[in-house]
Structures are given as C-alpha cells and as structure tokens.
Participant: 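One structure is given below, represented as structure tokens, and several questions about it will come after.
Every heavy atom of this structure was used, including side-chain atoms; hydrogens, water molecules and symmetry mates were not. Sequence lines set the chain letters: A, B, ... in the order given, protein chains first and strands last, and positions in each chain run from 1. As the structure is a prediction and not an experimental result, all values here were calculated from the model.
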Amino acid sequence: MPELPEVQAVVNHYKPVFLKQKIERISNPNSYSKVFATHTLPKLNKNVGGQLIKDVFRRGKYIVLQTEKGYLCIHLRMTGQLQEGLDSFVADKHCSFAIHLNTGKTIYFKDYRKFGRLYYYSTLDTLNAKLGVEPFSTEFSFVYVAGILKKSTGMIKPLLLNQKYIAGLGNIYVDEALWLAKIHPKKKSNSISKTKVKVLTRSIPDILKKAIDFNGTTIINFSYGNEVPGDFKQFLNVFGKEGSSCPRCNRPIKKMYVAQRGTHICPYCQRL
DNA sequence: GAAAGTGTTGAAAG
DNA sequence: TCTTTCAACACTTT
C-alpha cells in the first residue's frame, strides 16, 4: 500500500520499460470498469492509442505516463502493482487494466482490492489542483510547513496525511516523521513549537529519501515490480513496532488509533 | 466461522 | 469551509 517512496520505486523500475515506447491499447482483463476513473475504456483508447510515451514520473502518489497529447496517470491505492507478466487466472481475477505496447510487450496492473484507478488528463492541472507541494521541491520549506500548521486547529497526523498540503505522505512515513520530530500525532497543528516544526520539515524529505534508496517499505504486499519487495522495513523506527523498544529512549512503542488509522508512537518521546 | 485489521482516497456527514 | 466518518474491496488474522 504505497506511499511516495514506493511509488517512486515503481517509477524508477518502469521508466526504462515505458520510455519512448508507443501505447497500442489498454485492456480490462477482469472487466472491473470502475478502474477507469476519467474515461470509458473506448474513449481512453482513442486518447492514448498510438501515442508515444515521452516521460515517466511521479506526482504525489500518482505514476504519470506523459504522452504526446496528455497524461495517463496510475494510482496504486492500497494494493495496486505493475507487473511485466501475469498468468491468465490471476489476470482474469485481479488485473484491472493492462497496457499493451506496440512492441508486443504488456504491462499488467494487478490489484486484488480493486481500489487502484487509471486517469487520463490533457493537462496536469487537475492533479496539481488537488495535490500540495512535493516534499523534494524547493517550495517545501520551514515557512511553508509552519504556514499550513498555523492555519489548522486539527490534529497534526491527519493534516500530514492530507494530500492537498503535502503530496505523497501516508501512514508509515507520517508515523516515522512524527517520531523523528518528537511530535505526538494528536497534537494540535497550530500548537507545535517552531523548533519541532523545523525538525519535522527536515525529517520528512530525509525519511522519504532513505526509503527510496531501499525501494520503499513492504509490509504485506507492496512490490515495485514483478513481485520484488522494498527493503526499507528494517529501518523503520516505530511503524509496526508495537511492543518493541524505542530506538531513542528504549521504552516500549505503543499502537493507538488516530483518525481511524493505526498509529505508532513512543509515548515518552512524543507527548501531548 | 464471524469479525476485525490493512500501507488510500474522496464522498458524505457533521 | 473545515474536520471526521465511512465505503469502496479482498484477503489475512484473531
């Protein structure tokens, strides 16, 4: 269930596969038509059929294939995976779409929970309108983060999960970043000290960068391509570590729920 | 065997 | 407008 580093790992893996290839057509092996979020399949194929893939990149948690005319955008949601091969039984059941390239090669989108979606836009305006700043961009600064926190009276964790402020963070890396900055996830956003906001601002790109270096985190079933898992799990400090000791103070990590999301904290390091 | 849990998102409800 | 809740779905764990 991929966040920014996992999506980036997928992009890094598939960019050479897609780049400078022509899309022949898109198919819908398991007939789950809801996967097509912006166009019906025939209309989608009218737009992308015969189009050259000019660039492949990530925006938030979206994988973007830039063609000559527009942008084909893939969102993996919880369980989406791209694979270069798939047996027909699995394809019939779990493959919501497949991208057939002119070379005869096919890239399959396998998604057993069917939350993943495929979008097509003529410009990136729609995505840019709903996504906030990229954590690796120059706009992502102490001033920006302090600005959005100051305006919010709600809890910090749901704010960080909200893609319209910062694009790409999800449950794992929010827990990790809050632990690094010693901030309790239920702390009111506008009540966090300047010092901690500074640490948080640095911690977010730091942790994401490290996770990308290891192709992301696989907890249950993420793979960046062809069933290969990410290797960052071993470096997590709190996520999924309930009961084990805090790497900083040795006290036990606790699991709690914040905004209906499983949340891991060190109750000593992160206090309200 | 039923119920709860899972890394996401956005629509609906408050 | 903002924040909180819940449904979309399938599989595993309790």
Participant: Taking atom P of dT3(C) as reference, at what distance in whole Å does atom NZ of K188(A) sit?
Facilitator: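 Nearest whole value for this atom pair: 10 Å.
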Participant: Select one nucleotide: of dT3(C), dT9(B), dT6(B), the one nearest the side-chain heavy atoms of T153(A).
Facilitator: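 So the side chain of T153(A) is nearest to dT3(C).
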Participant: Could you work out which one of dT3(C), dT8(B), dT4(C) sits closest to the side chain of P158(A)?
Facilitator: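 Out of dT3(C), dT8(B), dT4(C), the nucleotide with an atom closest to P158(A)'s side chain is dT4(C).
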Participant: Hey, does the Lys NZ or Arg CZ of R261(A) hover above the aromatic six-ring of Y257(A), less than 6.0 Å from the centre and inside 45° of the axis?
Facilitator: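 Output no; distance or angle outside limits.
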Participant: Scan Q260(A) against the nucleic acid and name what it touches under 4.0 Å (heavy atoms): base, sugar-phosphate only, or nothing.
Facilitator: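 Base: the residue Q260(A), judged by heavy atoms under 4.0 Å, touches a nucleobase.
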Participant: With the side chain of H75(A) defined as its heavy atoms from C-beta on, choose the nearest nucleotide among dT6(B), dC9(C), dT8(B).
Facilitator: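 It is dT8(B).
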Participant: I want to check one thing: is the phosphate of dT8(B), taken as OP1 and OP2, less than 4.0 Å away from some side-chain N or O of R261(A)?
Facilitator: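 For dT8(B), OP1 or OP2 has a side-chain N or O of R261(A) closer than 4.0 Å.
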Participant: What contact category does F239(A) fall into here, base, sugar-phosphate, or nothing, at under 4.0 angstrom with non-hydrogen atoms?
Facilitator: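 The residue F239(A) makes sugar-phosphate contact but no base contact.
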Participant: Taking atom NZ of K196(A) as the centre, does the number of heavy atoms from other residues, nucleotides or ligands within less than 6.0 Å exceed 12?
Facilitator: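 For K196(A), atom NZ is crowded (more than 12 foreign heavy atoms under 6.0 Å).
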Participant: Do Y121(A) and Y71(A) have ring centroids that are under 6.0 Å from one another?
Facilitator: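 Ring-ring flag for Y71(A)/Y121(A): false, centres at least 6.0 Å apart.
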Participant: Tell me if the OH atom of Y268(A) is crowded by more than 12 foreign heavy atoms within 6.0 Å.
Facilitator: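 Result for OH/Y268(A): open.
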Participant: Mind listing the N/O atom pairs, protein and nucleotides 11-14 of chain C, below 3.5 Å?
Facilitator:
{"from": "dC11(C)", "atom 1": "OP1", "to": "H94(A)", "atom 2": "NE2", "distance (Å)": "3.1"}

Participant: Taking it one step at a time, do Y112(A) and Q81(A) satisfy side chain to side chain contact (heavy atoms under 4.5 Å, CB included)?
Facilitator: CA-CA 9 Å; Y112(A) 75 93; Q81(A) 295 180 12; over 6 Å; no
Participant: Under 4.0 angstrom, heavy atoms only, what part of the nucleic acid is T217(A) near: base, sugar-phosphate, or nothing?
Facilitator: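 Contact class for T217(A): base.
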Participant: Determine the Euclidean distance between corresponding P atoms of dA3(B) and dA7(C); express it in Å to zero decimal places.
Facilitator: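 The same atom, P, in both gives a distance of 15 Å.
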Participant: How is K233(A) classified with respect to the nucleic acid when contacts are heavy atoms under 4.0 Å: base, sugar-phosphate, or nothing?
Facilitator: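 The residue K233(A) makes no contact with any strand.
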Participant: Name the closest nucleotide to the K114(A) side chain, picking from dA10(C), dT9(B), dT4(C).
Facilitator: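 From the listed options, dA10(C) comes nearest.
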Participant: Look at the side-chain N and O atoms of Y32(A) and state whether any lies under 4.0 Å from the OP1 or OP2 oxygen of dA8(C).
Facilitator: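 Answer no for this pair, as no side-chain N or O of Y32(A) is under 4.0 Å from OP1 or OP2.
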Participant: Using atom CD1 of I148(A) as one end and atom P of dT1(C) as the other, report the distance to the nearest whole Å.
Facilitator: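 Computing the I148(A):CD1 to dT1(C):P distance gives 19 Å.
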Participant: In whole angstrom, give me the gap between the C1' atoms of dA4(B) and dC6(C).
Facilitator: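 That atom pair is separated by 15 Å.
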Participant: Work out how far the P atom of dT9(B) is from that of dT1(C), and round it to whole angstrom.
Facilitator: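 Those two atoms are separated by 23 Å.
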Participant: Report yes if a side-chain nitrogen or oxygen of K34(A) is closer than 4.0 Å to either non-bridging phosphate oxygen (OP1 or OP2) of dC9(C); otherwise report no.
Facilitator: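 Answer yes for this pair, as a side-chain N or O of K34(A) is under 4.0 Å from OP1 or OP2.
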Participant: Grab the CZ-P distance between F115(A) and dA8(C) for me, whole Å please.
Facilitator: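 Taking atom P of dA8(C) as the reference, CZ of F115(A) is at 9 Å.
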Participant: Which word best sums up how the rings of F235(A) and F214(A) line up, parallel for under 30°, tilted for 30 to 60°, or perpendicular for over 60°?
Facilitator: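 Correct class here is tilted.
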Participant: Roughly how many Å is it from CD1 in I172(A) to C1' in dT6(B), rounded to a whole number?
Facilitator: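 Result: 11 Å.
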Participant: For the side chain of M155(A), starting at C-beta, report the closest nucleotide among dT4(C), dT6(B), dC9(C).
Facilitator: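 Per side-chain heavy atoms of M155(A), the pick is dT4(C).
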Participant: Can you tell me the base-pairing partner of dG1(B)? Count Watson-Crick or G-U wobble geometry only, both distances below 3.5 Å, and say none if there is no partner.
Facilitator: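 The answer is none; no pair meets the criterion.
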Participant: Below 30° counts as parallel, above 60° as perpendicular, anything between as tilted: where do the rings of F97(A) and F109(A) land?
Facilitator: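 The arrangement is parallel - the two ring planes meet at less than 30°.
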Participant: When you compare the protein's N or O atoms with those of nucleotides 10-14 of chain B, which come within less than 3.5 Å of each other, and at what distance?
Facilitator:
{"from": "dG10(B)", "atom 1": "OP1", "to": "K130(A)", "atom 2": "NZ", "distance (Å)": "2.9"}

Participant: Tell me whether the rings of Y120(A) and H39(A) are parallel (<30°), tilted (30 to 60°) or perpendicular (>60°).
Facilitator: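 Rings of Y120(A) and H39(A): perpendicular, over 60°.
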Participant: Check for a donor-acceptor pair, side chain of Y14(A) on one end and backbone N or O of L82(A) on the other, with a separation under 3.5 Å.
Facilitator: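 Confirmed, Y14(A) side chain pairs with L82(A) backbone.
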Participant: Is the side chain of Q163(A) donor-acceptor paired with the backbone N or O of K130(A) at a distance under 3.5 Å, no angle test?
Facilitator: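 The answer is no, because no donor-acceptor pair under 3.5 Å joins these two groups.
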Participant: Name the closest nucleotide to the Y257(A) side chain, picking from dT5(C), dT8(B), dG5(B).
Facilitator: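 Nearest to the side chain of Y257(A) among the choices is dG5(B).
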Participant: In whole angstroms, how far is the C1' atom of dA10(C) from the CG atom of L76(A)?
Facilitator: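 That distance rounds to 17 Å.
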